[in-house]
Asker: 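Below is one structure. I have some questions about it.
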Amino acid sequence: MKGTLLLMVCMASLVLAMDFPGEFVQNPGGSLALSGLSGYRSSPARHLDDGEVAGFGLAYAQVPEASLQVAGAAGEMGLGLFRIAFFSSYAEMDSLYRQVYSELDASVMHSWFVGGMGYGVSVDILPGQESWTCNRYKAGLAFLKKPLSVSGMASLVNQGSFFLVDYGAALRFDGSRFGAFMEYDGESFDVGNYLKFTHLSVISAYRFPEFAISVSLVLSVGDWSLSGAYGNSYPIWDWFGFTASKSVRKKTIL
């Protein structure tokens, strides 16, 4: 019995993931995943994994051909039925462009639904020329009938008189060892899956009709998760990245 409980705790730690902060990154686990540390494209409608009370992590991604790179940090914590999350990132493209972005998300969790809202602000800079500030608003909702879920998200970017609206919808199957999802953003479909072993997870996603692929390997030891990811958006660019994250869990007396 004790060994079984230890195995369950170990398997739960594999669920913790972190989305990449860059706009150019196709998250292997899907942007509308229902758990994990937040990123730029992620839905604010997320819950904490079983037994988790908080988590934090770091992420980095790069497009070598474009001299484009982004680094970010994220964290989350649970307050009863509520989840509070944040992330901040810094991006640069050679000496031509800089961006500093920060976002705060809040969600309410229930056995059969998750709803959330987020607010972000970015400062975009063309060194030696000009800078501007953009506001970003996000809202998401998910309905769960484990292991299935249906979710949606909308975001609005505002800068002066400029408005840009994005949305997405997803259908997911999240099992203990295998999962799959399909997401649609109005222009393309992302289809992905994951496979979990004791200390290793393999996650992949594919996009069409404009082809793109992303693959991630996640190594989990205790409450720590380390991942490496590679993506290709043919014929534009290749990107690679890595994350390091840690979950904080309630103490369990075995």
Asker: Determine whether the aromatic ring centres of F113 and F143 lie less than 6.0 Å apart.
Answerer: no
Asker: Under 6.0 Å between the ring centres of F189 and F208?
Answerer: yes
Asker: Could you measure the distance from the CD atom of E92 to the CG atom of L68? Nearest 0.5 Å is fine.
Answerer: 9.0 Å
Asker: Please report the closest heavy-atom contact between L144 and S111, naming both atoms and the distance.
Answerer: CB-O, 4.2 Å
Asker: Without swapping roles, check the side chain of R46 against the backbone of A33 for a donor-acceptor pair under 3.5 Å.
Answerer: yes
Asker: With the threshold set at 4.0 Å, does a side-chain nitrogen-carboxylate oxygen contact exist between K138 and E103?
Answerer: yes
Asker: What's the spacing between Y137 OH and F163 CZ if we round to 0.5 Å?
Answerer: 8.5 Å
Asker: Would you call the rings of F178 and Y194 parallel, tilted or perpendicular if under 30° counts as parallel and over 60° as perpendicular?
Answerer: tilted
Asker: Give the intermediate values and the outcome of side-chain contact (heavy atoms from CB on, under 4.5 Å) for residues S38 and R83.
Answerer: CA-CA 11 Å; S38 302; R83 170 187 179 264; 3.3 Å; yes
Asker: Are any of the side-chain heavy atoms of M93 and Q99 separated by less than 4.5 Å?
Answerer: no
Asker: State, with a plain yes or no, whether a side-chain heavy atom of F56 is found less than 4.5 Å away from one of F86.
Answerer: no
Asker: Got V121 and T133 here, is their nearest side-chain heavy-atom distance under 4.5 Å?
Answerer: yes
Asker: To the nearest 0.5 Å, how far apart are CG in L79 and CE in M109?
Answerer: 8.5 Å
Asker: So, the side chain of T243 versus the backbone of A59: is there a donor-acceptor pair under 3.5 Å, distance only?
Answerer: no
Asker: Do the side chains of L217 and V202 get nearer than 4.5 Å, heavy atoms only?
Answerer: yes
Asker: Main chain of G160, side chain of N158: is a donor-acceptor contact present, judged purely on distance under 3.5 Å?
Answerer: yes
Asker: Do the side chains of P21 and Y90 get nearer than 4.5 Å, heavy atoms only?
Answerer: no
Asker: Could you state the interatomic distance from OG (S131) to CG (D124), rounded to the nearest 0.5 Å?
Answerer: 9.0 Å
Asker: How about S35 and H47: do any of their side-chain heavy atoms sit closer than 4.5 Å?
Answerer: yes
Asker: Please evaluate residues Y60 and F242 with respect to the criterion ring-ring contact (aromatic ring centres under 6.0 Å, His included), reporting the C-alpha separation (whole Å), side-chain torsions for both, the decisive distance (0.1 Å), and the verdict.
Answerer: CA-CA 6 Å; Y60 174 83; F242 60 85; 5.6 Å; yes
Asker: Could you please spell out the steps behind the side-chain contact (heavy atoms from CB on, under 4.5 Å) verdict for L37 and E76?
Answerer: CA-CA 7 Å; L37 297 174; E76 64 179 359; 3.5 Å; yes
Asker: Between R136 and S155, does the side-chain contact (heavy atoms from CB on, under 4.5 Å) criterion hold? Intermediate values first, please.
Answerer: CA-CA 7 Å; R136 188 163 181 249; S155 68; 4.1 Å; yes
Asker: Does a side-chain heavy-atom distance below 4.5 Å link S188 with R207?
Answerer: yes
Asker: Under 4.0 Å between a side-chain nitrogen and a carboxylate oxygen: does that hold for R41 and D190?
Answerer: no
Asker: Between Y40 and V25, is the side-chain contact (heavy atoms from CB on, under 4.5 Å) condition met? List the steps.
Answerer: CA-CA 9 Å; Y40 185 84; V25 176; over 6 Å; no
Asker: Please give me the minimum heavy-atom distance between A142 and S151, naming the atom from each residue.
Answerer: CB-CB, 3.6 Å
Asker: Looking at every heavy atom in both S227 and V218, which two are closest together, and how far apart are they?
Answerer: CB-CG2, 3.8 Å
Asker: Quick one: closest heavy-atom pair of A45 and L34, and the distance?
Answerer: O-CD2, 4.0 Å
Asker: According to a 4.5 Å side-chain heavy-atom criterion applied to Ile, Leu, Val, Met, Phe, Trp and Tyr, with indirect links allowed, do M182 and Y167 form part of one hydrophobic cluster?
Answerer: yes
Asker: With side chains defined as the heavy atoms from C-beta onward, is the minimum distance between L171 and Y184 less than 4.5 Å?
Answerer: no
Asker: To the nearest 0.5 Å, what is the distance between CG (L58) and CE (M18)?
Answerer: 6.5 Å
Asker: Mind checking side-chain contact (heavy atoms from CB on, under 4.5 Å) for P147 and listing every partner two or more places apart, or none if nothing turns up?
Answerer: F173
Asker: Taking all non-hydrogen atoms of both residues into account, name the closest pair between C134 and V157 and its distance.
Answerer: CB-CG1, 4.2 Å
Asker: How long is the straight-line distance from OG of S67 back to OH of Y97, given to the nearest 0.5 Å?
Answerer: 15.5 Å
Asker: Check whether any side-chain N or O of D185 sits under 3.5 Å from a backbone N or O of E187 as a donor-acceptor pair, and report yes or no.
Answerer: yes
Asker: Test your reading of the model: is there a side-chain donor-acceptor pair from E183 to the backbone of L32, 3.5 Å cut-off?
Answerer: yes
Asker: In terms of hydrophobic clusters joined by side-chain contacts under 4.5 Å, are L48 and I84 together?
Answerer: no
Asker: Might you point out which heavy atoms bring S31 and D19 nearest each other, and give the distance in Å?
Answerer: O-OD2, 4.3 Å
Asker: On the 0 to 90° scale, with breaks at 30° and 60°, tag the F20-W239 ring pair as parallel, tilted or perpendicular.
Answerer: perpendicular
